[in-house]
Chemist: 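Got a structure for you, questions after.
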Amino acid sequence: MTPAPLAARLRVAGGPLFFPVTAYGPDGSLDLDVYRAHVRRGVEAGAAAVFACCGTGEFHALTPEEFEAAVRAAVDETAGRVPVVAGAGYGTALAVRYALRARAAGADGLLALPPYLVVAAQEGLLRHYREVAAATDLPVIVYQRDNAVFTPPTVVELARTEGIVGLKDGLGDLDLMQRIISAVRTETPGDFLYFNGLPTAEQTQLAYRSLGVDLYSSAVFCFAPEIALAFHGALADGDDRTVHRLLDGFYRPFVELRAQGRGYAVSLVKAGVRLRGLEVGEVRPPLHEPGEDHVKQLARVIERGYALLEEETA
Ligand SMILES: O=C([O-])C(=O)C[C@H](O)[C@@H](O)C(=O)[O-]
């Protein structure tokens with residue numbers, strides 16, 4: 001494990017990690033102008049990093065050419081102000097190709113998504129991530145979720161692998177995370193980054209922080225950056241009152257609404273971006289759009305969130 005500039009930049013992340021949605025026009029084609037505007041607004045609002053074309057950015061729905069164009073646009077709009085990390089997924093051969101495309105597009109790092117479609121043993125998973133990491137000089141964050149769940153010894157091996165700098169947890173097993181963190185701490189010399197990468201990660205961040213995991217992804221930042229920033233700031237300042245008010249009045253209702261539909265961790269976020277005035281289009285299949293009633297409920301949740309913020313600053 002070599003210390004990479006990306007790791008150093010993320011370690012001091014002074015804001016939420018922004019996972020932009022990918023914008024499509026009315027005909028469903030990639031809309032790079034709107035995507036650029038979305039990324040630009042997020043960076044200007046105070047994102048600490050841009051994770052382009054990951055889960056929220058519908059990595060699964062993009063062609064390799066669209067992926068590369070979107071990552072390049074994110075790199076351009078970010079202009080070095082914060083790092084850009086790009087998704088890389090599917091089987092090993094394709095994940096390597098995505099990694100090379102991300103590198104060509106100027107990304108600063110990779111988020112290695114679970115391999116499509118097999119449920120593999122630890123040994124095979126390890127080989128997969130090692131081959132992805134060896135394909136470029138980009139630092140790699142491994143994303144634990146679904147069919148990519150690691151034992152502590154496997155994460156120790158990942159942490160010892162040249163180029164692999166961190167683990168993003170989208171599983172939510174705190175006992176496992178505690179054992180992973182403990183094993184890596186005792187069995188490897190260097191720093192390894194951990195991210196709370198659960199859907200609507202703010203909802204569980206109090207628990208993750210107590211394990212020592214300070215970094216978390218934020219999809220809410222896509223459509224309510226002021227709320228995500230206020231939550232991030234309150235956590236950093238130890239302002240429990242604000243943290244609890246935002247959890248109770250905004251995040252819990254949002255998460256309960258998100259639980260009403262499959263794929264809502266992405267499609268509800270995209271609906272939220274549209275509600276806030278940026279025409280990012282609809283999600284591509286196999287995701288589906290939230291129903292009208294759910295969109296109305298989302299509008300009320302967002303309104304309540306902003307009303308809470310106003311009360312805080314009054
Ligand atoms: O790959 C992804 O897009 C994610 O898992 C990140 C999301 O931002 C997730 O943490 C969330 O919904 O807040």
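Since the structure is predicted, the reported quantities are computational estimates derived from the model, not experimental observations. Each ligand, and each atom within it, is numbered from 1 in the order the structure gives.
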Chemist: ring-ring contact (aromatic ring centres under 6.0 Å, His included) between F221 and F231: does it pass, once the steps are laid out?
Modeler: CA-CA 10 Å; F221 185 83; F231 184 85; over 10 Å; no
Chemist: Quick one: list whatever passes ring pair (Phe, Tyr, Trp, His ring centres under 6.0 Å) with Y35, sequence neighbours left out.
Modeler: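 Expected list: none.
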Chemist: For Y90 and Y98, what are the C-alpha separation, side-chain angles and deciding distance, and is it a ring-ring contact (aromatic ring centres under 6.0 Å, His included)?
Modeler: CA-CA 9 Å; Y90 303 121; Y98 278 92; 5.6 Å; yes
Chemist: Measure the acute angle between the ring planes of H38 and F18, then classify it against the limits of 30° and 60° as parallel, tilted or perpendicular.
Modeler: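 Aromatic pair H38/F18 classed perpendicular.
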Chemist: Indicate, with yes or no, if the rings of F150 and Y129 have centres closer together than 6.0 Å.
Modeler: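 Ring centres of Y129 and F150 closer than 6.0 Å.
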Chemist: Picking from R245, R241, R304, what satisfies salt bridge (charged side-chain N to carboxylate O under 4.0 Å, His left out) with E311?
Modeler: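 Exactly one candidate clears the test, R245.
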Chemist: Are there any N/O pairs under 3.5 Å between ligand 1 and the protein, and if so, what are their distances?
Modeler:
| from | atom 1 | to | atom 2 | distance (Å) |
| --- | --- | --- | --- | --- |
| ligand 1 | 1 (O) | G55 | N | 2.9 |
| ligand 1 | 3 (O) | G55 | N | 3.1 |
| ligand 1 | 3 (O) | T56 | N | 2.6 |
| ligand 1 | 3 (O) | T56 | OG1 | 2.8 |
| ligand 1 | 5 (O) | Y143 | OH | 2.5 |
| ligand 1 | 5 (O) | K168 | NZ | 2.8 |
| ligand 1 | 8 (O) | A219 | N | 3.2 |
| ligand 1 | 10 (O) | L198 | O | 2.7 |
| ligand 1 | 10 (O) | S217 | OG | 2.4 |
| ligand 1 | 12 (O) | T200 | N | 2.8 |
| ligand 1 | 13 (O) | T200 | N | 3.1 |
| ligand 1 | 13 (O) | A201 | N | 3.4 |
| ligand 1 | 13 (O) | A219 | N | 3.0 |

